Amino acid sequence: MHSTPERLTRPFFDRSVHEVAPELIGATLLVGGVGGVIVEVEAYHHTDPAAHSYRGRTDRNAVMFGPAGYAYVYRSYGIHWCLNFVCEGEGSAAAVLIRALQPVSGLAAMRRRREMSDERRLCAGPGRLCEALAVTHGHNGSRLDRPPFALYARTEAVEVAAGPRIGISKAVERPWRYGVAGSRFLSRPFKGRG
DNA sequence: TATGAGATCAACT
DNA sequence: GTTGATCTCATAC
């Protein structure tokens, strides 16, 4: 074993979402001991027309308006769950959408929940990731530095690619998607190099 | 490899 | 009544 990875706590998230998002690439996310290395995220901010918080606080997005370091979970297209990490200070309504993991821990549990064995697609996409890690609305508003969540800073430098976000119809041009260029575990490749 | 439809529901207009 | 920060399966090349 090498050095013990640094555990990410609330101060880590209490910064600009555009600082936090790229730094999450390469970090390790576990939910109940199941998870892996974050390889793809997207940043959202309340000044951003594509963000849920853009039109102000509602019952659904209330967690985004709270303090940093909490999980914001919402239902997407009536079917999937999507996991976000709330960033910046209270009222800033910024969050990072976790889009893809490289599976590392709890492969058997993930395969059982996803009913598939293909490691590349176990967590390649926000909906898939939540299914593999058993993240549901019940995790909405949970602290990220308390069980079942566990987050660890990356231990090695990674080259972070940026590009346009996926699946949105507003502010499409903002390059607020970050990830490991060329990773086999992305929901979709980054344009340019790969 | 690419494109398209269906699934399914809560928020929002 | 319409719209998604999506995924899967089917069909077409």
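Residue numbers start from 1 in every chain, and the chains themselves are labelled A, B, ... in the order their sequence lines are given, proteins ahead of strands. Scope of the values below: all heavy atoms of this structure, side chains included, with no hydrogens, waters or symmetry mates. Computed from a predicted structure; not experimentally measured.
Nucleotide dC7(C) holds its C1' atom 14 Å from the CD atom of Glu40(A), rounded to whole Å. Rounding to whole angstrom units, CD1 of residue Ile79(A) and C1' of dT3(C) are separated by 14 Å. Whole-Å rounding puts the Arg75(A) CZ to dG4(C) C1' distance at 13 Å. Going from atom CD1 of Ile166(A) over to atom C1' of dT6(C) covers 11 Å, rounded to whole Å. Here the C1' atom of nucleotide dG4(C) and the CZ atom of Arg60(A) are 8 Å apart, to the nearest Å. Rounded to whole Å, atom C1' of dC7(C) lies 14 Å from atom CG of Asp118(A). Atom-to-atom, CZ of Arg55(A) to P of dA5(C) comes out at 10 Å; the value is rounded to the nearest Å.
A cation-pi arrangement is absent between Arg143(A) and Phe149(A) under the rule of less than 6.0 angstrom and at most 45 degrees off the ring axis. Note that Arg10(A) lies outside the cation-pi zone of Tyr70(A), set by a 6.0 Å cut-off to the ring centre and a 45° limit from the axis.
Once you apply a 4.0 Å limit to the heavy atoms of chain A, the touched nucleotides of DNA chain B run 5' to 3' over dA7(B) to dT13(B).
Side-chain contact check for Ser183(A) and Gln102(A): no donor-acceptor pair (N or O, by modelled atom type) lies under 3.5 Å.
Ring centers of Tyr44(A) and His52(A): at least 6.0 Å apart, outside the cut-off.
Atom CD1 in Ile98(A) sits 6.5 Å away from atom CG in Leu29(A) (nearest 0.5 Å). One finds the OG atom of Ser92(A) at 3.5 Å from the NE2 atom of His45(A) (value rounded to the nearest 0.5 Å).
Pairs of Watson-Crick or G-U wobble type, with distances under 3.5 Å, assemble into runs of 3 or more in DNA chain B at these ranges: B:1-7 with C:6-12, B:9-12 with C:1-4.
At a threshold of 4.0 angstrom between heavy atoms, the contacts of Arg165(A) with the nucleic acid are absent. Across all strands, Asn84(A) comes closer than 4.0 Å to base atoms (heavy-atom distances).
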Inset, instruction - Mark up nucleotides 8-13 of chain C, 5' to 3', with B wherever a protein heavy atom is under 4.0 angstrom from a base atom, S wherever such an atom reaches only the sugar-phosphate, and - elsewhere. - result: S-----

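Residue Asp118(A) places its CG atom among more than 12 non-hydrogen atoms of other residues, nucleotides or ligands, all under 6.0 Å distant. For Tyr54(A), the OH atom counts as loosely surrounded, since its 6.0 Å shell holds 12 or fewer non-hydrogen atoms of other residues, nucleotides or ligands.
Arg111(A) approaches Ser117(A) most closely through the heavy-atom pair NE-O, 3.0 Å.
OP1 or OP2 of dG4(C) has at least one side-chain nitrogen or oxygen of Ser169(A) nearer than 4.0 Å.
Contact annotation: the side chain of Glu23(A) never approaches that of Tyr178(A) to less than 4.5 Å [non-hydrogen atoms, C-beta and beyond].
Note: Phe13(A) and Phe85(A) have perpendicular aromatic rings, judged against thresholds of 30 and 60 degrees for the angle between ring planes.
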